[in-house]
Amino acid sequence: MPGARVVLVGVQESGNIGMVARAMKNFGLRELVLTAPQAAIGPESFKFAVGARDVLEGARTVATLDEALAGVHWVAAATARPREEYPGEPTTPREVAPFLRAALEAGQGVALVFGRERSGLTNAELDRAHFVVRIPTDPGFKSLNLAQAVLVLAYELFLARPGTTEAPTPAPAEQVEGFFRDLEGFLLEIGYTDERRLPHVMRAFRRIFHRAAPTAGELSMLRGLIRQSRWAIRREAERWR
Ligand code: SAH
């Protein structure tokens, strides 16, 4: 069973990259992806990686979150700060782990996404997640060290028994993003919303579709619906010309 992919967005401390590699290897995770890192893998990283040199050496660096999530079916993003845009969320590592374990065992790709040391993840980055995960802490001090946050998620995933819910394999992340681009254009085209309110509206639609986690087939139905609607609108417009 391939393990979850760990994605660090904009990591700022090269020592942390090493500590993350070590925490991953302790709990059987090997795939580390750095997205637009602001620090490089260097001597500090290797110092903290100790016996996890191989994880560090195998790390991939990519420019965008799109590239980091290519081929992934489920995205869990870790954030210290609760955001009001995500009602009913976030969930805890312990709650989400059995589901992610089951997904991994069913051969589905899982990514655990972590943010910058100083500013965390942006809302646009959280928008990619099926699960927004918060590690419960003392309310007076919520922010963990990046590698320690990775450790907690990796540990919970390691201990969890796979849940019994068998979700059908969702469409891979890149296809879902293609649908969101179609939807965005369509919402503007039909005047459902304007440029100003678009980010807010799209955030709400993203939550709906991430919750539903459509399969590749279902996603092409949805894209087909948009295509057909565009065609019907054009035909109607021509009729009245
Ligand atoms: N000041 C930042 C904290 C960044 S800590 C903020 O307010 O978001 C670096 C990363 O570690 C975070 O982006 C998140 O992915 C993870 N992290 C830290 N504390 C966490 C917590 N309590 N729950 C979940 N993730 C956490």
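Side chains included, hydrogens not; waters and symmetry mates left out as well; all remaining heavy atoms used. Counting convention: from 1, in listed order, for ligands and their atoms alike.
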- Query: L29 and V150: side-chain contact (heavy atoms from CB on, under 4.5 Å), yes or no, with the steps?
  - Reply: CA-CA 10 Å; L29 302 184; V150 172; 5.8 Å; no

Q) How about R223 and I226: do any of their side-chain heavy atoms sit closer than 4.5 Å? A)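 No, every pair of side-chain atoms sits at 4.5 Å or beyond.
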
For the residue pair V132 and R207, establish whether any side-chain heavy-atom pair is separated by less than 4.5 Å.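 Yes, side chains in contact.
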
Can you find a non-hydrogen atom of R116 under 4.0 Å from ligand 1?
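Checking ligand 1 against R116, which is what was asked, there is a heavy-atom contact under 4.0 Å.
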
Is there a nitrogen or oxygen of [X] sitting under 3.5 Å from a nitrogen or oxygen of ligand 1?
X	value
T137	no
V113	no
I135	yes

Going by the closest heavy atom to atom 13 (O) of ligand 1, which one wins out of G115, G10, A80?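 Among G115, G10, A80, the closest heavy atom to atom 13 (O) of ligand 1 belongs to G115.
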
* Which residue from A78, P136, G120 reaches closest to atom 2 (C) of ligand 1 through any of its heavy atoms? ->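 Nearest option to atom 2 (C) of ligand 1, by heavy atoms: G120.
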
With heavy atoms only and a cut-off of under 4.0 Å, state how K142 meets ligand 1: side chain, backbone, both or neither.
->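 Contact part for K142 vs ligand 1: backbone (N, CA, C, O).
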
Side chain or backbone of A149 under 4.0 Å from ligand 1, or both, or neither, by non-hydrogen atoms?
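Just the side chain.
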
List ligand 1 atoms under 4.0 Å from [X], heavy atoms only on the residue side.
X	result
F114	15 (O)
V133	24 (C)
S143	3 (C), 5 (S), 19 (N)

Task: Whether Q175 side chain and L219 backbone form a donor-acceptor pair below 3.5 Å - done: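 No: the side chain of Q175 does not pair with the backbone of L219.
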
Q) Cation-pi between R230 and F186: NZ/CZ under 6.0 Å from ring centre and within 45° of the ring axis? A)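 Judged by the rule, R230 and F186 form no cation-pi pair.
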
Aromatic F48 / basic R22 pairing, under 6.0 angstrom, 45° off normal: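 Not flagged: R22 not positioned over aromatic ring of F48.
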
Any chain of hydrophobic side-chain contacts (each under 4.5 Å) joining L69 to V176?
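No; V176 is not reachable from L69 via cluster members.
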
Is the count of non-hydrogen atoms from other residues, nucleotides or ligands lying under 6.0 Å from Y155 atom OH greater than 12?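 It does not: Y155 OH has 12 such atoms or fewer within range.
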
